[in-house]
Visitor: 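Dumping the structure here so I can ask a few things about it.
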Amino acid sequence: ESFNSTWTYTNTGTIDVRAQAQAVAAGFAMAKAHVDSAISQSASGAGLGGSVASVTLTNSGTLNIHEIASAVGGPTAAAFASIDNGIQQSAFDATVTNATLTNSSTGTIDIVAHAVAHATGAASASATVSACISQTADGSDLAASSETPTLTNDGTINIHPAATPGGRPTAPAAAACIRPSTPDRR
């Protein structure tokens, strides 16, 4: 008995995934924009021998993932923009596991977390991208399993974490971008 699970997505146009927060107050203003997983693909082989779990994302268009937070306060303001996973692909519990992302020569992937805070006194802003692109291929210890995460980029991938407190770009901005993984079975 075997089981095949396949999820394929092809983008030839424009996809805009956006979370936007704006706060304006005479006192303290706070804005938070957050996305857990903008695009998530998951396939499981149900732990059966001979099974295949495969996820494929092919982009020849424009794929925008933008999280924008803006806070304008009186004496204080804070803005937070975060993306946990821009693109998350998981293939698991199969003899053959494949996680494949192909960004063609005409493709653009743009991942932005931008936080801006303005105040007459203290302003703080934080922008983070925990995993721009996360790929996991895990055969879950099935006999003779093969695990292949693949990213092919012939186009453009832009990652922009940006934080601007009080109009000055001095706040923390962080990105831990591309994370392909297979299990360590030493």
Side-chain angles (χ1 to χ4, degrees), residues 4-22 31-45 52-70 79-94 96-116 125-139 145-164 169 171-184:
N4 294 328
S5 175
T6 302
W7 185 13
T8 300
Y9 186 79
T10 302
N11 175 42
T12 58
T14 299
I15 296 175
D16 284 313
V17 178
R18 180 184 306 256
Q20 189 165 348
Q22 183 174 5
K32 292 182 181 182
H34 174 77
V35 165
D36 183 38
S37 292
I39 295 175
S40 180
Q41 294 178 297
S42 180
S44 171
V52 176
S54 181
V55 292
T56 303
L57 173 61
T58 303
N59 180 51
S60 61
T62 301
L63 177 54
N64 296 315
I65 301 167
H66 295 171
E67 314 322 310
I68 301 166
S70 173
F80 306 94
S82 63
I83 301 170
D84 285 346
N85 292 291
I87 299 170
Q88 182 177 28
Q89 296 180 301
S90 299
F92 55 95
D93 285 346
V96 176
T97 57
N98 298 306
T100 304
L101 188 149
T102 303
N103 193 43
S104 75
S105 61
T106 59
T108 298
I109 297 173
D110 195 48
I111 300 175
V112 175
H114 189 190
V116 178
S126 173
T128 59
V129 180
S130 297
C132 305
I133 298 169
S134 174
Q135 295 178 301
T136 302
D138 185 353
S145 63
S146 69
E147 300 147 336
T148 309
T150 305
L151 188 149
T152 303
N153 180 36
D154 293 321
T156 302
I157 297 177
N158 298 311
I159 312 300
H160 310 280
T164 309
C177 281
I178 300 171
R179 295 181 177 173
S181 70
T182 57
D184 183 6

Visitor: CG of Asn98 to OG1 of Thr148: how many Å apart, nearest 0.5 Å?
Guide: 5.0 Å
Visitor: Return the CD to OG distance between Gln88 and Ser134, rounded to the nearest 0.5 Å.
Guide: 5.5 Å
Visitor: Let me see the working for His160 and Asp110 under side chain to side chain contact (heavy atoms under 4.5 Å, CB included), right down to the final yes or no.
Guide: CA-CA 8 Å; His160 310 280; Asp110 195 48; 3.0 Å; yes
Visitor: For the atom pair CD1 (Ile39) and CD (Gln89), what is the distance rounded to the nearest 0.5 Å?
Guide: 9.5 Å
Visitor: To check you understand the geometry: which heavy-atom pair defines the closest contact between Ser145 and Ala94, and what is its length?
Guide: CB-O, 3.9 Å
Visitor: Could you tell me whether the side chain of Gln22 and the main chain of Ser70 form a donor-acceptor pair under 3.5 Å?
Guide: no
Visitor: Check whether any side-chain N or O of Thr56 sits under 3.5 Å from a backbone N or O of Thr100 as a donor-acceptor pair, and report yes or no.
Guide: no
Visitor: Using every non-hydrogen atom in the two residues, find where Ala127 and Ala162 come nearest and quote the distance to one decimal.
Guide: CB-O, 3.1 Å
Visitor: Taking all heavy atoms of His34 and all of Ser82, pick out the closest pair and write down the distance.
Guide: ND1-OG, 2.6 Å
Visitor: For residues Ala31 and Ala21, report the shortest heavy-atom separation together with the two atoms involved.
Guide: CB-O, 3.8 Å
Visitor: Within the distance-only criterion (no hydrogens, no angle test), does the side chain of Asn59 pair as donor or acceptor with the backbone N or O of Gly61 below 3.5 angstrom?
Guide: yes
Visitor: Which distance, rounded to the nearest 0.5 Å, do you find between the CD1 of Ile157 and the CD1 of Ile87?
Guide: 7.5 Å
Visitor: Would you name the heavy atoms of Ala69 and Ala79 that are closest together and state the gap between them?
Guide: O-CB, 3.8 Å
Visitor: In Å and rounded to the nearest 0.5 Å, what is the CZ to CG distance from Arg18 to Asn64?
Guide: 7.5 Å
Visitor: How about Ser104 and Asp154: do any of their side-chain heavy atoms sit closer than 4.5 Å?
Guide: no
Visitor: Please give me the minimum heavy-atom distance between Ile83 and Gly86, naming the atom from each residue.
Guide: CG2-N, 3.6 Å
Visitor: Can a donor-acceptor pair be found, under 3.5 Å and without considering hydrogens, that links the side chain of Thr97 to the backbone of Ser146?
Guide: yes
Visitor: Scan Ser40, Ser37, Cys132, Ser130 and name whichever one has a side-chain contact (heavy atoms from CB on, under 4.5 Å) with Asn85.
Guide: Ser37
Visitor: What's the spacing between Ile109 CD1 and Asn103 CG if we round to 0.5 Å?
Guide: 4.0 Å
